[in-house]
Amino acid sequence: IPLGGGIESSRVESRELEIEFRVRDRKQGETGINFATSPTGVTFHRLQNQLTESELNGASTKKHHQQQVSFSQAKSNHMESASSRGQNPKRKREASSLPPSHPPPDFFDNGNDDHYVGGITGTSNNSSNDVDLSLLEAVEKSQSAVEALDLRTLKKLVLSFERRYKENIEARLKYPDQPDRFSDSEVELHLELEKLRVLAGGPELYPDLVNLNTIPSILGLLTHDNTDIAVDVVQLLQDLTDEDVLEDNDEPARVLVDALVENNVLELLVQNLQRLSETDADEMAAIYTTLATIENMIEVKPAVAELVCERTKLLRWLLGKIKVREFDSNKQYASEILAILLQNSTANQKKLGQMNGVDMVLQAVAMYKSKDPKSSDEEEMVENLFDCLCCLLMPLENKERFVNAEGVELMIIIMKQKKSAYSSAIRALDFAMTKYPPACERFVDVLGLKTAFSAFMGKASSSSLIFWPWLYCLICLTSLRYDLSKLIRNVVLISAQISRSPVNLLRFFVSPGGILRGTRRERLLSKFVENECEKIDRLMELYIRYSDRVKSETKRMEQLEVDDIEMDDEEIYNRKLGFGLYTLQLIAIILGHLWCSEHQGMRARIELLLKQHKLSKKDVKDVLQEYHDNIGDLDGPEEKERAQSRIQKFISAL
């Protein structure tokens, strides 16, 4: 079997094998053996009558003519559809059009004279009619030798590929308007590209592949007039950069990806992506493979995420793809790639925002405001879209675009509909409100408080969507669609964002604002006072729950230290954050805001609930003090000082 060719072989090899069988049978005066193609490969047929030499030659000529006619018909089927691309026929990819393969090794049974005849077993009437097994074995051995994948094999593959590449270029230049004159060279070029895929089994040879200067020739085929050849190249690149292939081969992988980037693979892939049609099954698969190749290169070299957005129009293509209403695997993958490009790149976030990306992502999300995804893949796509939205909301200018595009209103609508995107909408609101007062003000103005506090009290969930903690012990965790602790944390985050923004609740409480500000303040305070302070009861319930969880983890870590398992202060603090300390700190901040409002009814309720659980204001102050001492300076020393000053005010008031 030729290296990298699978069960396929060239017409020349099959023709030579056929001649050997015919010559042998003519010498023996026995029945001839003929090749015949079928959808499942090559089968042998024993002829029932002895053929003369002229009949053999005539049958051979007829068979060869049929193969040529079949191949011409396969090309002509695509002539009209390819005329717009310069009369480039597509390859017919049915098994029946493939060249003949070699006979299966176990085709004949050495133990008797039974022979395979057209799918059944026939017994010969004469032992002299048996096939010469030694000749067949010799032919098989000569054809099925497998070469080791080493530098020598690599050079042979590269040389053969370059030869076919050159022949195809020459044929196209010589006969540009006669596809039948260069189609054979493209079939041969396709076979060579298939053979190169075997290099994925030897990633340690990638530096040698780069040194042989083969990368420019391979990438040059991405602009080939015949899209089938470009599709072959995309599949080859995906195989060479596959995550499983590159595992434990970091250095060869970096060498290959660097060479690909230097030879403009990103521009060529995206350019080819834009000409592929999803109405063709092969080209639709090539779109998916192209996205997979880009993801593979980002895994090896994260800087590719910004390079591909800087040099190409991939972001615009992805935005156009996620806007399509019909769901398919390519739309799902496009949403995933978009999330990958945005998650760690501020430059990409800002660039997409300038391309009206916030509004387009909101349009894609809006398709699921009143319906649930129909499959797990579609559900994953919706989560990817919300991941994209949250990443987009990190730059300040995109928060403004979000508010102007009525993103706050859309998230509230999604929450009211109580569909599967419910918790994702809460998470998006959290990102939008973080350090952006206009989003908080808009949230209050469009009656978002009612929806948010309904979720906070556990009234927004339905039996098929969200289960609040008091139902947690009744239902197996594996049956839940969402992470309950994460959902609760996001609800608390909304309240905390409204409360801790110095130009929102804090300003409502301490600033002599106008009527509009006073109205907002009263509306928010009334939510905590209404129904006999049930919101404060709920807040203290969550405080006790997370406080107990953090205390339990703290005792466990102290026991680990007794057992000589050393952990520094930073590691201990991070572990406590993971067990609910962060949520506990946010609740304490809200309690601090409520206490500073000087509302006697709320103060009395907080003190009463603390005493009922054998706690005091000192416990709340300790939580706030720990938060104060661990505020970082990621946003600059001035912001750190303002945040610490605000927390210190709550501590002093308590």
Side-chain angles (χ1 to χ4, degrees), residues 227 230-231 234-235 237-238 241-243 266 269-299 304-305 308-309 312-343 345 348-349 351-353 355-393 402 405 407 410-411 414 417 419-425 427-428 481:
T227 55
V231 168
V234 171
Q235 184 60 59
L237 293 176
Q238 198 274 336
T241 59
D242 188 82
E243 181 180 0
L266 300 176
L269 281 174
V270 176
Q271 181 181 347
N272 182 62
L273 186 67
Q274 293 172 335
R275 69 169 176 164
L276 296 176
S277 171
E278 297 201 56
T279 58
D280 183 280
D282 289 340
E283 294 185 10
M284 184 176 180
I287 293 174
Y288 192 95
T289 305
T290 300
L291 298 178
T293 303
I294 294 174
E295 182 183 10
N296 292 340
M297 290 191 291
I298 293 175
E299 288 288 335
V304 171
V308 71
C309 296
T312 73
K313 297 180 180 180
L314 180 61
L315 282 179
R316 188 165 297 281
W317 185 91
L318 294 172
L319 285 176
K321 185 60 184 173
I322 65 174
K323 282 183 62 178
V324 178
R325 299 195 67 87
E326 294 76 15
F327 172 78
D328 57 40
S329 58
N330 285 346
K331 182 178 180 180
Q332 187 269 335
Y333 207 178
S335 67
E336 182 178 345
I337 295 298
L338 186 59
I340 291 173
L341 295 176
L342 295 175
Q343 63 184 0
S345 174
N348 289 349
Q349 295 164 4
K351 184 179 180 66
L352 192 62
M355 298 167 57
N356 198 30
V358 174
D359 186 63
M360 297 180 75
V361 174
L362 285 174
Q363 292 180 35
V365 167
M367 299 179 191
Y368 297 92
K369 65 182 179 181
S370 58
K371 69 174 184 178
D372 288 331
K374 298 179 180 179
S375 65
S376 58
D377 288 339
E378 191 172 2
E379 185 176 356
E380 181 182 350
M381 184 203 67
V382 174
E383 287 301 313
N384 290 336
L385 292 175
F386 275 101
D387 288 342
C388 295
L389 183 59
C390 292
C391 291
L392 276 173
L393 291 173
F402 177 80
L410 176 60
M411 297 302 109
I414 293 175
Q417 293 295 326
K419 298 298 181 180
S420 61
Y422 180 88
S423 60
S424 298
R427 182 162 55 97
R481 181 177 295 184

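Because only heavy atoms are used, hydrogens play no part in the values below, and waters and symmetry mates are left out as well, while side chains stay in.
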Closest heavy-atom pair and its distance - I322, M367: O-CE, 4.3 Å
Separation between CG (N330) and CG (L291), nearest 0.5 Å, reads 6.5 Å
Whether the Y422 and Q417 side chains hold a donor-acceptor pair (N or O, under 3.5 Å, no angle test) is what I'd like checked. no
Mark yes or no: K331 above the aromatic ring of F327, with NZ or CZ under 6.0 Å from the six-membered ring centre and no more than 45 degrees from the axis. no
With a 3.5 Å cut-off and no angle check, do the side chains of S424 and E383 form a donor-acceptor pair? yes
Compare every heavy atom of N348 with every heavy atom of L342, then report the nearest pair and how far apart it is. CD2-O, 3.7 Å
Within 6.0 angstrom of E243 CD, more than 12 heavy atoms from elsewhere: no
Taking all atoms of both residues into account, what is the closest heavy-atom pair of K369 and K419, and its distance? O-CG, 4.0 Å
What verdict does the salt bridge (Lys or Arg N to Asp or Glu O under 4.0 Å) test give for K321 and E278, after you've listed the backbone C-alpha separation in whole Å, the side-chain angles of each residue and the deciding distance to 0.1 Å? CA-CA 11 Å; K321 185 60 184 173; E278 297 201 56; 2.4 Å; yes
Note: N296 and T241 closest approach over all heavy atoms is CB-O, 3.1 Å
Treating E283 as the side-chain partner and S277 as the backbone partner, does any N or O pair qualify as donor plus acceptor under 3.5 Å? yes
Could you report the tightest heavy-atom contact between C390 and R427, atom names first, then the distance? SG-NH1, 3.6 Å
Nearest 0.5 angstrom please: Y288 OH to Q238 CD, how far? 9.5 Å
For Q332 versus D377, what's the shortest heavy-atom pair and its separation? CG-O, 3.5 Å
Is there a donor-acceptor pair under 3.5 Å between the side chain of S375 and the backbone N or O of E378? yes
